[in-house]
Amino acid sequence: MSRVTRRIALGIGAAVTLALPLVLDSGQLSIYILLGLTAIVTVGLSMLMGYAGQVSLGQAAFYGIGAYTAGLLALHGWPPLIGLVAAPLAAALAALVLGVPLLRLRGHHLAFATLAMQLILLSIADNQAWMGGSIGLQGIPQLSLGSLEFDTDMSYAYVTWIALAGVVLTARNVIQSRPGRALRALATSEVAAESAGIPVGRYKLTVFALSAGFAGLAGGIYAFYLGYVSPGSFPILLSVGYVVMVVVGGLGTIWGALAGTAAVTLLVQLLNQLGTRDGVPGWLPSVLSYAVYAVLLIAVVLYLPRGIVPALVSLRRRADS
Amino acid sequence: MSGLEVSAVAKHFGGVYAVRDVSLSVADGELRGIIGPNGAGKSTLFNVISGHLAADEGAISLDGRRIERLPPHQRAGLGVSIVFQAARIFRGMTVGENVMVGAHRTTSAGFTAAALRLPAHRRDERRIAAAAHAALEMTGLSEFADRDAGTLPHGLQRSMQLARALCAEPSLLLLDEPASGLRAAEREDLIELLRKLRDTGLTIMLVEHDVALVGRLADRITVLDLGAVIAEGTPGQIRDHPQVIAAYLGAAP
């Protein structure tokens with residue numbers, strides 16, 4: 001794609017993104033916000049998995065840390081903006097501390113350890129009175145900036161998608177740089193990366209913290225948007241979903257993370273609507289979303305092992321040549 | 001004290017010594033050949049110098065600075081560049097990007113500078129691009145810069161690793177059998193390049209199976225056998241050394 005067509009495509013994309021909240025109905029708008037929040041998390045996870053070669057099955061824990069940080073600060077009378085800034089910082093800090101022991105593990109071991117981390121954090125949140133126990137935090141005030149109140153879904157849609165744009169830009173800038181090349185290098189050969197002077201451990205920890213920071217930011221917006229967070233808001237299923245989205249979209253591309261997130265989120269929503277019709281048993285929606293993750297993951301690994309976006313890109317290349 | 005100083009270094013795996021009591025000093029700007037039969041400990045010695053294996057005993061200093069306790073990335077930071085015998089390439093990256101990674105040690109822009117596109121990022125990117133360009137040129141890989149590194153034939157992957165090491169502007173270059181698996185023409189190109197590098201004053205250690213090749217290039221040669229130094233001298237001295245002949249031919253001295 002030439003520079004000009006890329007610019008035009010980006011411009012159209014931005015225009016559509018900004019126009020969508022104006023035309024969507026309220027149900028669709030909440031899905032749109034959820035989609036944006038999810039994409040913020042998956043872009044970070046894609047950097048961790050696709051560029052640094054590390055798998056996290058506990059990414060929803062960092063989403064939760066961000067949400068609780070923003071919620072607790074706001075409930076204790078801090079300005080919402082402070083909460084929104086603190087959310088990604090707290091999540092990144094948690095990742096730095098937890099990452100020191102966790103990142104000694106690799107591959108499946110790391111995946112299981114991050115899963116265990118999330119279970120432990122959920123159980124802590126469940127039992128701590130100051131975190132609201134299993135009921136969680138309620139009555140979190142709306143996001144506001146001076147006299148500007150964010151009290152409509154539409155305003156949260158813009159906050160979310162502007163945050164997503166910032167996250168995508170940050171991720172892109174990091175990937176196309178000295179530290180980004182270092183990350184991509186250590187993903188395939190840690191020994192050769194060390195020989196080039198890359199402090200492998202520190203870089204892994206940094207990208208773990210960065211991806212957690214993105215998740216924390218999304219969690220912070222989520223807390224203000226819903227006004228309510230509880231341990232039940234951050235199930236393991238959420239973490240699994242993030243990994244599926246990244247894999248479906250294609251590891252190692254930011255656009256893959258976005259495409260995977262959109263495809264999976266919309267599919268799950270569609271099945272949810274089918275599953276919540278009259279006369280359908282109440283357990284069906286959650287069974288369906290587990291099933292759709294499983295089917296998608298198997299189908300992609302079997303037929304598009306590199307994910308949707310890389311497959312489309314190579315198809316295009318073949319058509320061009 | 002400049003150059004590399006290895007004193008009484010030992011490395012064992014279980015009860016077996018791969019390297020024992022090895023001492024050698026390589027002067028600044030010297031090209032030192034390391035030869036020896038299979039299992040003599042040549043690659044182990046290199047890994048102990050580069051830090052990928054920790055020495056069990058002994059000391060290593062580079063330009064007067066003790067390095068034997070430093071992790072590999074810090075030794076690389078001080079200018080030790082190693083080219084492994086097996087091709088270790090960064091998959092999913094272009095040849096140019098693979099080489100650019102080599103310049104990591106000479107630059108410093110981190111995540112914040114990159115994310116915010118600060119001046120430090122731009123300055124380093126220019127510097128990295130220039131260093132990579134020079135390294136690609138020197139190794140004859142310029143035309144492959146945009147190719148996916150995984151699609152290169154084996155010989156060119158080896159050259160690419162050398163380019164990556166050169167892009168780091170090393171003060172000590174460790175080459176582990178760079179000529180193995182190369183065709184005759186590629187081998188001549190490599191010899192030409194190593195001569196050129198030696199003439200720039202770069203300190204080089206060359207492990208090589210091909211004794212004739214080492215003899216053509218090296219200022220001095222160290223011979224290892226069963227993990228220990230059995231001889232050291234100029235190529236002429238080594239050729240006539242009875243112990244070396246014995247180690248290679250397996251004859252009784």
Side-chain angles (χ1 to χ4, degrees), chain A residues 43-44 47 49-53 88 92 96 166-211 213-214 250-253 256 306-307 310 313-314 317, chain B residues 46-47 50-52 71-84 86-94 96-118 120-125 127-129 132 149-150 161 164-165 167-168 170 174:
Chain A
V43 167
M47 284 187 78
M49 287 175 64
Y51 291 105
L96 280 180
V167 161
V168 167
L169 191 66
T170 304
R172 189 205 71 128
N173 283 355
V174 167
I175 288 160
Q176 295 172 4
S177 75
R178 172 181 177 271
R181 282 188 297 272
L183 288 175
R184 289 153 67 196
L186 72 86
T188 51
S189 174
E190 291 190 10
V191 172
E194 279 177 329
S195 315
I198 297 164
V200 168
R202 196 152 59 78
Y203 266 63
K204 281 195 202 169
L205 195 58
T206 308
V207 74
F208 191 53
L210 189 65
S211 77
F214 288 170
L251 288 174
T253 96
R306 289 163 59 220
V313 169
S314 56
R317 282 218 187 107
Chain B
F46 264 23
N47 277 306
S50 71
H52 290 94
H73 75 265
Q74 283 183 16
R75 298 192 205 189
L78 292 173
V80 179
S81 273
I82 184 167
V83 176
F84 294 101
R88 287 179 194 270
I89 63 167
F90 302 132
R91 289 179 193 286
M93 296 171 77
T94 66
E97 287 172 328
N98 261 268
V99 174
M100 287 166 98
V101 171
H104 195 87
R105 86 161 190 106
T106 61
T107 45
S108 59
F111 285 89
T112 315
L116 303 177
R117 287 294 188 250
L118 298 181
H121 161 79
R122 257 174 269 139
R123 192 191 56 224
D124 277 358
E125 285 300 304
R127 204 175 153 171
I128 291 167
Q161 286 198 95
R164 189 163 70 214
C167 191
L174 306 172

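So that the names make sense, note that chain A is the first sequence line, chain B the second, and so on, each numbered from 1.
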Quiz prompt | Between CZ on residue R202(A) and NE2 on residue H73(B), distance to nearest 0.5 Å | solution = 6.5 Å

Quiz item: Going from NE2 on H104(B) to OH on Y203(A), what distance comes out if it is rounded to the nearest 0.5 angstrom?
Solution: 3.5 Å

Quiz item: With a 4.5 angstrom heavy-atom cut-off, which part of L169(A) approaches chain B: side chain, backbone, both or neither?
Solution: neither

Select one option (side chain, backbone, both, neither) describing which atoms of [X] are under 4.5 Å from chain A's heavy atoms.
X       : answer
V83(B)  : neither
E97(B)  : both
L78(B)  : neither
F111(B) : both
T107(B) : both

Self-check item: CZ/R91(B): more than 12 non-hydrogen atoms of other groups inside 6.0 Å
Solution: no

Quiz item: Which one, R88(B), R75(B), R105(B), leads in non-hydrogen pairs under 4.5 Å with chain A?
Solution: R88(B)

Exercise. Output the residues of residues 185-195 of chain A for which the shortest heavy-atom distance to chain B is under 4.5 Å, in residue-number order; output 'none' if no such residue exists.
Key: A185(A), T188(A), S189(A), V191(A), A192(A), A193(A), E194(A), S195(A)

Quiz item: Can you name the residues of residues 171-178 of chain A that have some heavy atom under 4.5 Å away from a heavy atom in chain B?
Solution: R172(A), N173(A), V174(A), Q176(A), S177(A), R178(A)

Quiz item: In terms of heavy-atom pairs under 4.5 Å, which option from T206(A), V200(A), T170(A) contacts chain B the most?
Solution: T206(A)

Quiz item: Can you name the nearest heavy-atom pair linking M93(B) to R181(A), along with the distance?
Solution: CE-O, 3.6 Å

